[in-house]
Colleague: 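Have a look at this one.
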Amino acid sequence: VDRADAAALDAADALADRREAFRLPDGVIYLDGNSLGALQPAVAERIRTVVTDEWGEGLIRSWNAAGWVSLPHQVAERIAPLLGATSDEVAVTDSTSANLFKALVAARRLRPGRRMILTDDRNFPSDVYVAGGVAALLADTEVVVVASDEVEDRLADDVAVLTLTHVDYRTGGLHDAARLTAAAHRAGALTVWDLSHSAGAVAVDLAGWAADLAVGCTYKYLNGGPGAPAYLYAARRHHDALDAPIRGWHGHAAPFDFSADYAAGPGADRFLGGTPPIISLAALDTALAVWDGVDVDAVVDKSRRLTDAFIERVDDRLAGLGVEVLSPRDRRDRGAQVSLRHDHALPVMQALIARGLIGDVRPPDVLRFGFSPLYVRFVDVWDAVERLHDVLVSRVFESPTYQQRPTVT
Ligand SMILES: *Cc1c(COP(=O)(O)O)cnc(C)c1O
């Protein structure tokens, strides 16, 4: 294999044209779409229109005239097919953390008499903090964190909710969501899945898994922009019983009746809470248009082929240079991310970024590379490993320039 083989794979790639919707800086290989997806110029244009025309000229009339009021539904309709859901099961607003809080409180309340919110030690730390906040708020509730391979054994009649992140942020390892959801149900528990590193990159089928609730982020593989509104999924069979802990007017059945009494809105709408962030919702709406006509299976397949190609090339080219592949080698067990261990991960990444290869690091020694299938090419995989090779062989990462830890990694 050589670079021409990689170029041939790009030439044969049915998704290749999607890259044209994005704008990536010249000379940059962007392998951090798992942390912040890339910009599409159409999104910048939409934001300009919303701000200058709809807000500036239309003022408050734009809630009706520009369709602001229906934006949460419009975006839910775009996201639902990526989740294996229907749009009445999806609410788009707030951050993933806030939606996780709402989902956990609502799920815990559906299982009175059960104390435990169960999670594993591979979960995203912030998700465990949020669960801890829920336990501190609700009576007779505690969070129990177990090793990943002990989750199924720990599921018993004291577990109210099993909450897990589908793709491990550190290693890219993937949970078997269908199996774990079934195990939770056998124990009488509900599931709350975090799909932040999943939707848009790996196979997600909430209906097929029989999942109960889920949340996820839209600024990673869905390219909504920094801090873009997140989604909350609630399976239709739970709709009548679910009580949203934030009973805001936009989650009310009739917000503009200004009724003295609360009446939950239909389906997942009850989780909308307050006024949705219109500028970022509009940006997300346009960002998601790139998925029109895209076969999600082809995207999942491409993410597996890209990550396979990267691992293969790392094995060939970086042998003896101090890196170790941390991600599962079986493509069915990993997300669209490959993590490498290196003793000097932080300075290595800083040196790579200075050379135009952007990934990120996680403590203590993990280099992460994300392969967003809509805009990463096979030649990028090839070139990325060449840049890694240069940095590792030259040991340029030992330079004092690269030892400082930035605030955001
Ligand atoms: C990115 C990510 C989040 C983000 O949460 P915010 O509320 O947007 O900060 C949450 N959970 C997981 C697993 C993530 O990867």
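In listed order, ligands and their atoms are each counted from 1.
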Colleague: I'd like to check which ligand 1 atoms, numbered from 1 as shown, lie under 4.0 Å from a non-hydrogen atom of H197.
Modeller: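 Every atom of ligand 1 under 4.0 Å from some heavy atom of H197: 15 (O).
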
Colleague: For atom 7 (O) of ligand 1, what's the nearest protein heavy atom and its distance?
Modeller: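 It is S97 OG, 2.6 Å.
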
Colleague: For atom 5 (O) of ligand 1, which protein heavy atom lies nearest, and how many Å away is it?
Modeller: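 Looking only at protein heavy atoms, the one closest to atom 5 (O) of ligand 1 is T96 CB, 3.4 Å.
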
Colleague: Please identify which atoms of ligand 1 are closer than 4.0 Å to at least one heavy atom of T165.
Modeller: 13 (C)

Colleague: Kindly check if the number of other-residue, nucleotide or ligand heavy atoms within 6.0 Å of CG (D240) is above 12?
Modeller: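 Count not over threshold, so no.
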
Colleague: Would you call the rings of Y375 and F22 parallel, tilted or perpendicular, taking 30° and 60° as the class edges?
Modeller: tilted

Colleague: Measure S196 to ligand 1 on non-hydrogen atoms and call it side chain, backbone, both or neither using the 4.0 Å cut-off.
Modeller: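 The answer is the side chain of S196.
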
Colleague: Looking at atom 1 (C) of ligand 1, what's its closest protein heavy atom, distance included?
Modeller: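 Sorting protein heavy atoms by distance from atom 1 (C) of ligand 1 puts K220 NZ, 1.3 Å first.
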
Colleague: Should the proximity of Y219 to ligand 1, defined as any heavy atom under 4.0 Å, be assigned to the side chain, the backbone, both, or neither?
Modeller: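 Near ligand 1, Y219 shows its side chain, while the N, CA, C and O stay back.
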
Colleague: What's the spacing between Q74 CD and L284 CG if we round to 0.5 Å?
Modeller: 10.5 Å

Colleague: Mark yes when over 12 heavy atoms from residues, nucleotides or ligands other than L59 sit less than 6.0 Å from its CG; otherwise mark no.
Modeller: yes

Colleague: Count the heavy atoms of every other residue, nucleotide or ligand shown that sit under 6.0 Å from CH2 of W55, and state whether that count exceeds 12.
Modeller: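 No.
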
Colleague: Which atoms of ligand 1 have any heavy atom of S95 under 4.0 Å away?
Modeller: 7 (O)

Colleague: So which protein heavy atom does atom 13 (C) of ligand 1 come closest to, and at what separation?
Modeller: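 Its nearest protein heavy-atom neighbour is D194 OD2, 3.2 Å.
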
Colleague: Where's the contact between D127 and ligand 1, heavy-atom distance under 4.0 Å: side chain, backbone, both or neither?
Modeller: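 It is the side chain that gets close, since no backbone atom is under 4.0 Å.
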
Colleague: Tell me whether the guanidinium CZ or amine NZ of R78 lies under 6.0 angstrom from the six-membered ring centre of W291 and within 45° of its axis.
Modeller: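 Because its charged atom misses either the 6.0 Å distance or the 45° angle limit, R78 does not stack over W291.
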
Colleague: Has K220 got its NZ or CZ under 6.0 Å from the middle of the six-membered ring of F124, at an angle within 45 degrees of the ring axis?
Modeller: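 Relative to the ring axis of F124, which defines the angle, K220 lies inside both limits.
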
